[in-house]
Amino acid sequence: MNIMRQLELEHMKPTLPDFGIGDTVDVHYLIREGDKERVQIFSGVVIAFHGAGTRRTTTIRRIVSGEGVERTFPLHSSRVADVQVKERGIVRRAKLFYLRGREGKATRLTRNLGKSKFPRSGAGSGVAPKNDAPAAE
């Protein structure tokens, strides 16, 4: 394994929640104000994923006072305390940038009430599962 990839694996979070494009999530983000820290929750729809490994980020969009607000969070940052999935969405695109031009009811996505078939956030993309069983020869 190359050295850069090995260093990257050491600094990645061991587990990430399974969420994907179109899901409504709560991101618990640590905010430092002076010498105090607090957790601020940013709730919105996942519209994009970028990067891979420790550089993996997600863009979350929400509406505040009639204005669209987007924020990009690095998933493996120590500042991201937790990501909780509130609602799953069914989408047919990898990026939902078209939501920027929509207003009101046109921004709603179809809800997925069933169980997800595949991991969607690339949660296990960097860590290979350990195989404790002996190899068959």
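Side chains included, hydrogens not; waters and symmetry mates left out as well; all remaining heavy atoms used. Every value quoted in this text rests on a predicted model; they were computed, and no experiment measured them.
Figure legend: Arg56 and Phe73 shown without cation-pi pairing, the cationic atom not lying both under 6.0 angstrom from the six-membered ring centre and within 45 degrees of its axis.
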Worked check of side-chain contact (heavy atoms from CB on, under 4.5 Å) between Val91 and Leu109: CA-CA 7 Å; Val91 294; Leu109 300 172; 4.1 Å; yes
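Cluster annotation: Ile90 is not connected to Phe19 through the hydrophobic network of ILVMFWY side chains, with a link wherever side-chain heavy atoms come within less than 4.5 Å. A continuous path of Ile, Leu, Val, Met, Phe, Trp and Tyr side chains, each step under 4.5 Å between heavy atoms, connects Tyr29 with Val69, placing both in one hydrophobic cluster. Val64 and Leu99 fall within the same hydrophobic cluster, defined by Ile, Leu, Val, Met, Phe, Trp and Tyr side-chain heavy atoms under 4.5 Å apart, directly or through other members.
Rounding to the nearest 0.5 angstrom, the gap separating the CZ atom in Arg111 from the CZ atom in Arg88 is 12.5 Å. Interatomic distance, OG1 of Thr24 versus CD of Gln84, reported as 13.5 Å (0.5 Å rounding). To the nearest 0.5 Å, atom CZ of residue Arg5 and atom CG of residue Leu9 are 4.5 Å apart. Atom CG in Leu7 sits 13.0 Å away from atom CE in Met12 (nearest 0.5 Å).
Every residue two or more places apart in sequence or in another chain that forms a side chain to side chain contact (heavy atoms under 4.5 Å, CB included) with Arg108 is listed here: Lys105.
Between the side chain of Ser77 and the backbone N or O of Pro74, no donor-acceptor pair lies under 3.5 Å. A donor-acceptor pair is defined here as one N or O able to donate and one able to accept, closer than 3.5 Å; no such pair exists between the side chain of Asp23 and the backbone of Val25.
Thr57 is not listed as a side-chain neighbour of Leu75, based on a closest heavy-atom distance of 4.5 Å or more. When side chains are defined from C-beta on, Arg71 does not count as touching Arg61, because their heavy atoms never get closer than 4.5 Å. For the pair Ile60/Val27, a side-chain contact is recorded, criterion being any heavy-atom separation below 4.5 Å from C-beta on.
A salt bridge is absent between Arg62 and Glu70: the closest approach of a Lys/Arg side-chain nitrogen to an acidic carboxylate oxygen does not fall below 4.0 angstrom.
The heavy-atom pair separating His76 from Lys13 by the smallest distance is ND1-N, 3.0 Å. Here the closest heavy-atom approach between residue Asp18 and residue Val85 is recorded as O-CG2, 3.8 Å.
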Under 3.5 Å, side-chain donor or acceptor atoms of residues 37-54 against the rest of the protein: list the pairs with distances, not counting sequence neighbours.
residue : atom : partner : partner atom : Å
Glu37   : OE2  : Arg32   : NH2          : 3.2
Glu37   : OE2  : Arg79   : NH1          : 3.1
Arg38   : NE   : Glu33   : OE1          : 3.3
Arg38   : NE   : Glu33   : OE2          : 3.2
Arg38   : NH2  : Glu33   : OE2          : 3.1
Ser43   : OG   : Asp26   : OD1          : 2.8
Ser43   : OG   : Lys86   : NZ           : 3.0

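Under a cut-off of 6.0 angstrom, the local environment of CD in Glu67 is sparse, with at most 12 non-hydrogen atoms contributed by other residues, nucleotides or ligands.
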